[in-house]
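One structure below.
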Amino acid sequence: MSRPREFDVDRALRQSMEVFWTKGFKATSYDDLTSTTQVKKQSLYCVFKNKRELFLRALVLYREQSIAMLEALASQEGSPVKKLEAICEATLCQNDETMSRGCLIVNSALEFGTDDEEVNREVALMFKQVGRVLETVIRSGQDQQLITSRLTSKALALHLNNALSGAKIMEKSGAPREQIAVVLRTALALMMAENDGSL
């Protein structure tokens, strides 16, 4: 008969995600994880196998939480333009303490490059899912003649998705929040129908 788990697995995963988000995979030690979660190494890895498995689970959790937040913003009442503005605003960290962390998925893409297939799969899935949410909102804006129709909703979603990823890299590198906000406002402004004479 196996011993019952002596810790909250979901809580430990969320706490571990925060550590990886702050320090990255390679710089995170076993001591960092056990001291943060207050779970002994043997118990932690009895559930998650090893640091890599725990990291991959953390990436999935981060992606799922991020997409749920975007979907909630996209489903709110209001114009498509306001929804895109809310998504851009939510992308920016709201305080200096967490701003330097950037985005766990983007950070992982930069840390691993193309060397890890499973990490790359999570990165690609995140980009795809963000793009899907953006494209739905953009298409609605085009239908209402609020967003330019000179480009497809898919192309505009790729454009904005790339701007959001770039904003997270700027955050990680220490760029001022005001500067990042200008980048995102410009990306949105270029998408507006009133700027291209397409109506």
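Residue numbers count from 1 along this sequence.
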When you check the gap from the basic side-chain N to the acidic O, do [X] and [Y] get nearer than 4.0 Å?
| X | Y | answer |
| --- | --- | --- |
| Glu117 | Arg121 | yes |
| Arg57 | Glu118 | no |
| Glu135 | Lys128 | no |

Can you tell if the side chain of [X] reaches within under 4.5 Å of the side chain of [Y], non-hydrogen atoms only?
| X | Y | answer |
| --- | --- | --- |
| Tyr62 | Met126 | yes |
| Leu84 | Met191 | yes |
| Gln142 | Ser153 | yes |

Practice prompt. May I ask whether Leu164 and Val106 are part of the same hydrophobic cluster, defined by side-chain heavy atoms of I, L, V, M, F, W, Y residues being less than 4.5 angstrom apart, directly or through others?
Written response: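 No.
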Answer yes or no: are there more than 12 heavy-atom neighbours, outside [X] itself, under 6.0 Å from its atom [atom1]?
| X | atom1 | result |
| --- | --- | --- |
| Lys40 | NZ | no |
| Gln42 | CD | no |
| Arg11 | CZ | no |

Looking only at side chains, do Ser140 and Gln144 share a donor and an acceptor under 3.5 Å apart?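 The answer is yes; a qualifying pair exists.
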**Report entry** Side-chain donor-acceptor pair present, Asp32, Ser29, cut-off under 3.5 Å
**Finding:**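 A pair is found: one side chain offers a donor N or O, the other an acceptor, under 3.5 Å apart.
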Please answer whether the main-chain N or O of Gly24 pairs with a side-chain N or O of Asn107 as donor and acceptor at a distance below 3.5 Å.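 Not a single qualifying donor-acceptor pair exists.
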